[in-house]
**Q** 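Here it is, the structure in full.
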Protein chains: 2
Amino acid sequence: MKDVNKDLNLSVIKAFRLLDVYLNDKQEWGVRELAKKAGYNKTTTYRLLSTLESLDIVQKNGDDKYILGLKLFELGNLVSIHKSLRNYSRIPLENIAKEIKETVHFGVLSNNRILYLNKAESPLGLKVSTQIGSYQEAYCTALGKVLLAYSSKNLISDYFKNVKLEAHTSNTITSAKDLLIELKQIREKEYALDMEELELGLICIAIPVFNKNKEVVASISVSGPSSRFKSENIASYLSIIKKGASEIETRMSDYN
Amino acid sequence: MKDVNKDLNLSVIKAFRLLDVYLNDKQEWGVRELAKKAGYNKTTTYRLLSTLESLDIVQKNGDDKYILGLKLFELGNLVSIHKSLRNYSRIPLENIAKEIKETVHFGVLSNNRILYLNKAESPLGLKVSTQIGSYQEAYCTALGKVLLAYSSKNLISDYFKNVKLEAHTSNTITSAKDLLIELKQIREKEYALDMEELELGLICIAIPVFNKNKEVVASISVSGPSSRFKSENIASYLSIIKKGASEIETRMSDYN
DNA sequence: AAAAACGTTTCATAATACGAAACACTGTTT
DNA sequence: AAACAGTGTTTCGTATTATGAAACGTTTTT
């Protein structure tokens with residue numbers, strides 16, 4: 001903790017590291033337990049937690065255990081760009097899910113990964129389910145490939161510098177050359193497929209969502225098990241998703 | 001900033017104050033602008049923002065303006081206590097809204113106020129709409145009065161010490177004595193009404209949601225314009241909301 | 001009854017945050 | 001064209017703050 005490239009507030013970084021890394025793994029933590037896991041001193045951890053508690057960022061859960069607090073929930077809902085995207089996407093996503101009967105996801109690109117902003121789940125028992133606010137690799141998801149396909153050349157070259165294309169299944173695209181070809185095809189077809197590239201048995205189809213300046217700001221995907229996802233359905237799925245996407249685009253432009 | 005009652009990390013407090021108070025008011029801030037508003041030194045503010053930026057808690061929006069970042073959204077979604085409440089309430093709330101055709105809210109008590117955890121909006125044009133994650137006073141809302149009614153005596157006496165009962169309309173209950181009588185009646189009737197106490201023309205009805213230990217953990221309300229909200233509807237509304245509440249209670253107990 | 005765990009407090013010391021001033025840059029006014 | 005008025009950013013000596021070993025008060029386990 002000596003060589004920081006910039007002059008930053010170390011205790012702020014420590015505080016968020018507690019929140020981000022460690023309070024994620026588990027529901028509740030004791031002071032010593034968390035200190036050990038974080039590699040901080042017991043007293044330091046206690047002081048940080050006390051500080052965060054005074055701000056309602058964490059709170060105590062009965063017997064001296066710390067859990068994430070309500071203020072954090074409140075702050076999360078303030079994130080304006082995504083707040084609006086989430087609001088405007090909700091009803092269209094639900095309509096798509098109702099019509100197709102598969103889970104619908106809505107996400108943006110953030111730090112080279114997909115951030116799931118919203119979803120509408122399939123009414124069926126066997127379905128895909130993802131945590132809102134969680135991340136997934138972009139190169140092996142339909143959502144991610146669409147967003148990469150419409151990104152600037154700079155962003156894409158950065159992407160290849162920073163991201164290692166690891167195989168999740170035998171279908172995962174693991175070479176930069178192949179991925180570039182795929183992205184080109186996506187731009188031409190105006191939709192992306194994920195043919196069991198992230199998980200065996202899981203197929204997705206995704207299209208871009210544009211803002212009023214014709215820039216891609218998000219994407220929508222439909223995900224389902226390969227047993228239900230037949231190639232003859234693609235055309236009808238696409239027309240339903242595109243209807244939903246244009247609904248979101250209309251809602252956004254009405255407010256901006 | 002000299003007399004702190006405990007030994008807390010001041011820079012952590014400052015960082016969250018930037019997020020909480022100031023990044024809420026506006027969409028984007030310059031460094032000097034935010035420093036002036038927060039009463040911090042320009043350099044301090046810059047350092048705090050740089051720190052938060054390195055953590056993706058804030059991000060830059062084009063021309064050197066800071067906005068809330070994605071990590072905050074992600075962290076907000078990790079808040080476990082309410083994550084489950086939110087998940088379990090979604091479908092029941094939507095069913096209630098569909099049946100009654102009025103907006104349904106779901107909230108908990110936090111720091112003497114109502115925190116809106118979830119909602120399902122009325123399908124009609126004229127409707128009540130609230131921001132998830134936002135707060136409202138408890139004493140002049142049906143949601144809040146239900147939660148106060150089922151709170152411990154200690155919490156209620158604390159409530160009266162810390163909260164000033166201000167009139168929002170001519171119907172607002174502004175005396176502690178009257179509010180205590182109201183809370184007693186709510187416990188007897190097992191539901192609360194808000195008869196234009198927060199806003200003229202706005203009526204709400206709310207009931208409690210219990211956990212498996214028969215403690216009240218949240219409440220559900222239906223809100224609508226006085227033009228549609230007739231006293232003869234109360235009985236049928238109540239039976240629909242109670243059905244939804246017991247659905248939520250079942251879902252919660254299945255998982256805990 | 002002893003031991004081992006917990007959260008919490010203390011306090012001298014080492015490390016960090018602080019902020020005035022200077023810098024680099026952009027756009028506006030004279 | 002030159003001076004000015006705005007930005008965000010960097011520097012660096014100093015004042016403030018965070019640090020952590022040790023001790024404390026409880027509770028739980030042995």
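Every chain is numbered from 1, with letters handed out A, B, ... down the list of sequences. Below, all heavy atoms of this structure are taken into account, side chains as well, without hydrogens, waters or symmetry copies.
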**Q** Check the distance between D:dT9's P and B:Lys65's NZ and give it to me in whole angstrom.
**A**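 One finds 12 Å between P of D:dT9 and NZ of B:Lys65, rounded.
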**Q** Relative to each other, are the rings of B:Tyr139 and B:His168 parallel, tilted or perpendicular (30° and 60° limits)?
**A**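 Rings of B:Tyr139 and B:His168: tilted, 30 to 60°.
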**Q** Looking at B:Asn118 and B:Arg86, would you say the former's side chain and the latter's main chain have a donor-acceptor pair under 3.5 Å?
**A**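 It does hold such a pair.
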**Q** Could you check how far CG of B:Leu10 sits from P of D:dT17, rounded to whole Å?
**A**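 Rounded to whole Å, this separation is 5 Å.
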**Q** Between D:dT19, C:dG19, D:dG8, which nucleotide gets closest to the side-chain atoms of B:Thr44?
**A**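 So the side chain of B:Thr44 is nearest to C:dG19.
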**Q** Extract from the structure each pairing of a protein N or O with an N or O of nucleotides 25-30 of chain D at less than 3.5 Å, listing the distance.
**A**
none

**Q** Want to settle it: does A:Val12 or A:Val31 sit nearer the 5' end of DNA chain C, counting the closest nucleotide to each?
**A**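 Upstream on the strand: A:Val31.
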**Q** Quick check on D:dG8: is either OP1 or OP2 less than 4.0 Å from any side-chain nitrogen or oxygen of B:Tyr46?
**A**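 It does not, given that no N or O in the side chain of B:Tyr46 lies less than 4.0 Å from OP1 or OP2 of D:dG8.
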**Q** Would A:Lys184 and A:Glu188 pass as an ion pair if we require N to O under 4.0 Å?
**A**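 Yes, A:Lys184 and A:Glu188 are salt-bridged.
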**Q** Specify the separation, in whole Å, of atom NZ of A:Lys14 and atom C1' of C:dT16.
**A**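 Atom-to-atom, A:Lys14 to C:dT16, this comes out as 10 Å.
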**Q** Roughly, in whole Å, what's the span from CD1 in B:Ile13 to C1' in D:dT17?
**A**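 Taking CD1 of B:Ile13 and C1' of D:dT17, I get 12 Å after rounding.
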**Q** Please state whether the rings of A:His105 and A:Tyr116 are parallel, tilted or perpendicular, taking 30° and 60° as the class boundaries.
**A**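 If you compare the ring of A:His105 with that of A:Tyr116, the planes turn out tilted.
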**Q** Are any of the side-chain heavy atoms of A:Tyr40 and A:Leu34 separated by less than 4.5 Å?
**A**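 A:Tyr40 does not reach A:Leu34 side chain to side chain.
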**Q** Judged by atom type as modelled, is there a donor-acceptor pair below 3.5 Å linking the side chain of B:Ser219 to the main-chain atoms of B:Leu143?
**A**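 The answer is yes, because a donor-acceptor pair under 3.5 Å joins these two groups.
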**Q** Indicate yes or no: does B:Arg113 engage B:Glu137 in a salt bridge with an N to O separation below 4.0 Å.
**A**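 B:Glu137 and B:Arg113: not salt-bridged.
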**Q** Tell me: CG of A:Leu52 to P of D:dA18, nearest whole Å?
**A**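 Spelled out: CG on A:Leu52 to P on D:dA18 is 13 Å.
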**Q** Taking CD from B:Glu53 and P from D:dT9, how many angstroms apart are they, rounded to a whole number?
**A**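 Atom-to-atom, B:Glu53 to D:dT9, this comes out as 8 Å.
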**Q** Less than 4.0 angstrom between a side-chain N/O of B:Arg47 and OP1 or OP2 of C:dC18, yes or no?
**A**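 The answer is yes; a side-chain N or O of B:Arg47 sits under 4.0 Å from OP1 or OP2.
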**Q** Which distance, rounded to the nearest 0.5 Å, do you find between the OG of B:Ser221 and the CZ of B:Phe106?
**A**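 Those atoms lie 11.0 Å apart.
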**Q** Is there a side-chain polar atom (N or O) of B:Lys60 under 4.0 Å from OP1 or OP2 of D:dT9?
**A**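 So the side chain of B:Lys60 is within the cut-off, an N or O lying under 4.0 Å from OP1 or OP2 of D:dT9.
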**Q** How would nucleotides 20-28 of chain C be written as a contact map, 5' to 3', with B for base contact, S for sugar-phosphate-only contact and - for no contact, using protein heavy atoms under 4.0 Å?
**A** BBB------
**Q** With a cut-off of less than 4.0 Å, is there a side-chain N or O of A:Asn9 near OP1 or OP2 of C:dC18?
**A**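 Yes, A:Asn9 has a side-chain N/O under 4.0 Å of OP1/OP2 on C:dC18.
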**Q** Going from CD1 on A:Ile186 to CG on A:Leu179, what distance comes out if it is rounded to the nearest 0.5 angstrom?
**A**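 Nearest 0.5 Å value for the CD1-CG distance: 7.5 Å.
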**Q** Please say whether the positively charged group of A:Arg251, taken as NZ for Lys or CZ for Arg, lies over the ring of A:Tyr88, i.e. under 6.0 angstrom from the six-membered ring centre and within 45 degrees of the axis.
**A**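 No - A:Arg251 does not lie over the ring of A:Tyr88 by the 6.0 Å and 45° rule.
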**Q** Just the rounded figure in Å: distance from P of D:dT7 to CD of B:Glu33.
**A**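 From B:Glu33 CD to D:dT7 P: 8 Å.
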**Q** Tell me the interatomic distance from A:Leu49, atom CG, to C:dT9, atom P, rounded to whole angstroms.
**A**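 These atoms are roughly 13 Å apart.
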**Q** Both B:Ser11 and B:Gly30 contact DNA chain D. Taking the nearest nucleotide for each, which residue is further toward the 5' end?
**A**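 Going by which nucleotide is closer to the 5' end, it is B:Gly30.
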